[in-house]
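Worksheet: the structure to be examined is printed underneath.
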Amino acid sequence: MATRDMAGDSYPPDPSGERVRSVLVVGGGSAGWMAATMLATELPRGTEVRLVESEAIGTVGVGEATIPPIKKFNRAIGLDERAFMKATMGTFKFGVEFRDWGRPGDRYLHQFGRTGREIDPQVKLHHWWLLGRRAGHPDYPAWEDIFVARAAARADRFALPDKDPRSPLGRYTYAYQFDAHLYAGHLRTIAETRGVARVEGRISAAERAPDTGHVAAVVLKDGRRLEADLFVDCSGFRSLLLGGELGEPFEDWNRWIPSDRALAVPSERTAPLTPYTRASAHAVGWQWRIPLQHRTGNGHVFASAFSSESEAEQRLLANLDGKALDTPRLIRFATGMRRRHWVGNVVAVGLAAGFLEPVESTSIHLVQTTLERLIELFPTRRMDRVLRDRFNALTEQEWVRVRDFIIAHYHLCRREDSEFWRAMQAMTVPDSLAEVLELWRARGVLAIDGGHLFQLGSWSSVLIGQHFEPEGVHPLTAAADPAVIAREICRIAAEVETAAHALPPHDEFVAQYCPADLAEAA
Ligand SMILES: Cc1cc2nc3c(=O)[nH]c(=O)nc-3n(C[C@H](O)[C@H](O)[C@H](O)COP(=O)(O)OP(=O)(O)OC[C@H]3O[C@@H](n4cnc5c(N)ncnc54)[C@H](O)[C@@H]3O)c2cc1C
């Protein structure tokens with residue numbers, strides 16, 4: 001007997017008779033090839049996976065910094081870390097170093113991982129750190145100084161973490177920095193060996209099924225028709241199917257994140273190879289620096305309402321570490337997302353679904369989680385509405401949480417040197433973020449649940465790094481002597497410093513573990 005839901009849709013007990021037989025991935029940027037590789041790996045044999053892309057249109061070509069969960073995606077598709085890092089000129093990343101975001105001259109690392117150790121299993125370490133500071137110790141460590149990742153990043157050292165989580169060197173994690181074109185190319189090779197067929201061509205139209213309104217086929221400029229049961233729209237900012245054909249509205253988050261332009265330029269590699277991405281605040285917006293084996297990727301994200309392109313270009317070029325290897329390329333974007341990411345038989349992934357500006361390197365991650373969710377909630381040819389609704393609800397929740405974390409960076413910036421930053425400080429943040437900031441300020445408690453991508457280590461780095469500290473300490477620390485706690489915090493900082501210096505220089509680690517063929521890159 002088929003099950004019926006409240007809207008009257010029925011679901012057969014055995015969905016295998018209605019299984020999806022063909023999927024068309026529309027677009028071959030990072031999102032498209034991640035989707036194709038994942039689908040080719042996970043879908044049952046006999047399901048046809050094709051990808052259509054247009055070389056003439058090309059890809060957005062940026063997106064070089066990632067966050068640690070990408071390791072899970074790589075494992076799921078069976079990617080060999082060394083081979084992939086060699087192929088993509090990759091380097092390792094402990095986090096993002098923020099320069100000049102608090103007050104000009106400030107630096108802090110949003111590091112991936114945990115503090116050197118805890119003092120108390122119940123009361124979080126930042127409360128003890130705040131208490132110990134009251135002792136007025138002249139060399140009292142900064143909050144970031146008790147994270148081993150920070151100590152290692154400062155010394156430009158890196159190795160894979162110790163498998164023993166009790167060791168200080170087992171208390172950090174890492175992500176990758178890589179060349180986005182090479183990443184897509186590497187995945188393409190894997191996807192094609194797993195049976196994905198690539199079609200070269202420019203899509204000029206879509207056809208709909210008259211009964212369901214679902215997309216039945218896309219039509220290429222030369223007249224070829226590509227049919228499928230399910231379409232994964234990875235067409236980039238164009239959002240050909242979800243935004244274009246199906247007209248799903250775009251929710252613009254410009255009122256909180258007004259950045260809408262980036263100028264990107266590669267520069268010569270400089271030594272040492274830093275094991276972190278850098279994000280330096282400017283009078284308007286900020287600039288990224290991503291060190292790769294063959295070059296450094298740079299870009300300046302800014303808001304066109306506050307700065308001209310020529311001013312932005314001057315800021316970008318004045319802040320490069322090495323010689324520019326090209327002229328800066330302008331990318332226009334809007335921060336926000338399509339209201340629903342799955343409509344009918346179209347699921348949008350990557351820039352076709354929306355974009356959150358890259359200060360926390362989250363876009364490739366959102367591609368990954370969207371694909372994981374699609375696999376978990378994979379439909380039959382009926383495009384089961386219950387699955388779709390759950391997918392859309394979870395996706396929206398995830399994007400809003402990441403959005404709030406990004407808004408916090410802008411809103412809590414302490415710079416007063418421009419109209420842009422003054423506007424950021426004066427903005428009314430979304431209620432969901434206001435609640436988090438209020439509780440943190442009042443009691444040092446982080447109102448973030450376990451499902452949030454960014455947890456206490458991340459939020460505390462950013463909040464304390466930008467001088468947004470709790471006003472009081474936890475009541476359960478009341479009986480402790482600040483001087484005793486200060487000595488313990490100093491010991492943790494010394495332990496992580498010693499541990500970090502046992503790691504090899506990042507350059508040496510990369511040269512030994514995953515050296516790229518630099519002659520090929522030249
Ligand atoms: C300034 C900037 C900086 C970024 N930095 C980071 C970062 O550090 N970390 C991170 O995780 N992410 C970052 N991103 C995001 C990241 O670049 C993207 O999320 C990722 O590359 C996925 O892009 P995409 O595949 O969705 O789109 P694209 O790369 O634009 O690919 C779109 C594809 O669709 C095809 N296509 C389009 N129209 C047609 C048509 N009519 N016919 C046929 N094919 C078509 C194109 O040919 C192309 O293959 C950044 C993005 C920007 C804009």
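First listed ligand is number 1; within each ligand, the first listed atom is number 1.
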| said: Could you tell me if the side chain of E207 sits less than 4.5 Å from the side chain of V219, heavy atoms only? | reply: yes
| If we only count heavy atoms from C-beta on, is the W253 to L356 side-chain gap below 4.5 Å? | yes
| said: Parallel, tilted or perpendicular: which one describes the rings of W288 and W286, with boundaries at 30° and 60°? | reply: tilted
| Side chains of R150 and S461: do they bring a donor and an acceptor to under 3.5 Å? | no
| Relative to the heavy atoms of E64, which atoms of ligand 1 are at a distance of less than 4.0 Å? | 7 (C), 8 (O)
| message | Using a 4.0 Å cutoff against the non-hydrogen atoms of C234, which atoms of ligand 1 qualify? | response | 32 (C), 33 (C), 34 (O)
| query | In ligand 1, which numbered atoms sit nearer than 4.0 Å to a non-hydrogen atom of G28? | reply | 33 (C), 48 (C), 49 (O)
| said: Side chains of K221 and S54: any donor to acceptor distance under 3.5 Å? | reply: no
| field | Aromatic ring proximity F405/H110, centre distance under 6.0 Å | value | yes
| note | Residue pairs meeting side-chain hydrogen bond (donor to acceptor under 3.5 Å, both in side chains), one or both in residues 58-67, sequence neighbours left out, come to E64-R295
| field | Proximity flag A180 to ligand 1, non-hydrogen atoms under 4.0 Å | value | no
| message | Going by the closest heavy atom to atom 28 (P) of ligand 1, which one wins out of I364, V60, D233, V62? | response | V60
| message | Please verify the inter-ring angle class for H409 with F98; under 30° counts as parallel, over 60° as perpendicular, anything in between as tilted. | response | tilted
| ligand 1 N/O within reach of A262 N/O, cut-off under 3.5 Å | no
| said: Can you confirm if the NZ or CZ of K71 lies within 45° of the ring axis of Y174 and under 6.0 Å from the centre of its six-membered ring? | reply: yes
| message | With heavy-atom distances below 4.0 Å as the criterion, list the atoms of ligand 1 near S54. | response | 43 (C), 44 (N), 47 (O)
| Are any of the side-chain heavy atoms of W459 and V436 separated by less than 4.5 Å? | yes
| query | Is A31 close to ligand 1, meaning an N/O of one under 3.5 Å from an N/O of the other? | reply | yes
| remark: atom 37 (C) of ligand 1 sits nearest the protein heavy atom S235 O, 3.5 Å
| ligand 1 to I203 polar contact by distance, N or O atoms, under 3.5 Å | yes
| message | Suppose I only count heavy atoms of P358 and a 4.0 Å limit; which atoms of ligand 1 are within that range? | response | 3 (C), 4 (C), 5 (N), 6 (C)
| said: Please check whether S30 reaches ligand 1 - meaning an N/O of the residue sits under 3.5 Å from an N/O of the ligand, judged on distance alone. | reply: yes
| Mind checking whether H300 and H282 have parallel, tilted or perpendicular rings, split at 30° and 60°? | perpendicular
| task | List the closest protein heavy-atom neighbour of atom 19 (O) of ligand 1: residue, atom name, distance to the nearest 0.1 Å. | result | S363 CB, 3.3 Å
| query | Among protein heavy atoms, which lies nearest atom 50 (C) of ligand 1, and at what distance? | reply | F355 CE1, 3.8 Å
| Which protein non-hydrogen atom lies closest to atom 35 (C) of ligand 1, naming both residue and atom, and how far is it? | G27 CA, 3.7 Å
| task | Provide the number and element of each atom of ligand 1 under 4.0 Å from a heavy atom of G29. | result | 25 (O), 29 (O), 31 (O), 33 (C), 49 (O)
| note | Check: of I70, L351, V349, min heavy-atom distance to atom 23 (O) of ligand 1 comes from L351
| field | Nearest neighbour in protein (non-hydrogen) for atom 6 (C) of ligand 1 | value | G63 CA, 3.1 Å
| field | Flag side-chain contact, heavy atom, 4.5 Å: L79 against H186 | value | yes
| task | Return the residue, atom name and 0.1 Å-rounded distance of the protein heavy atom closest to atom 45 (C) of ligand 1. | result | I57 CD1, 3.9 Å
| Whether G58 lies under 4.0 Å from ligand 1, heavy atom | yes
| query | Hey, is L240 one of the residues with a heavy atom under 4.0 angstrom from ligand 1? | reply | yes
| note | Here the atoms of ligand 1 under 4.0 Å from any heavy atom belonging to A65 are 7 (C), 8 (O), 9 (N), 10 (C), 11 (O)
| said: Taking side-chain hydrogen bond (donor to acceptor under 3.5 Å, both in side chains) as the criterion, tell me which of E313, R315, R261 meets it with S307. | reply: R315
| Any heavy atom of W33 sitting closer than 4.0 Å to ligand 1? | no
| message | Counting only heavy atoms not in R390 (residues, nucleotides, ligands), do more than 12 fall under 6.0 Å from its CZ? | response | no
| Which segment of R238 sits under 4.0 Å of ligand 1 when only heavy atoms are counted | side chain
| Should A56 be listed as contacting ligand 1, given a heavy-atom distance under 4.0 Å as the test? | no
| task | Applying ring pair (Phe, Tyr, Trp, His ring centres under 6.0 Å), run through F94 and F147 and close with a yes or a no. | result | CA-CA 11 Å; F94 280 123; F147 290 83; over 10 Å; no
| said: Using a 4.0 Å cutoff against the non-hydrogen atoms of G201, which atoms of ligand 1 qualify? | reply: 42 (N), 43 (C)
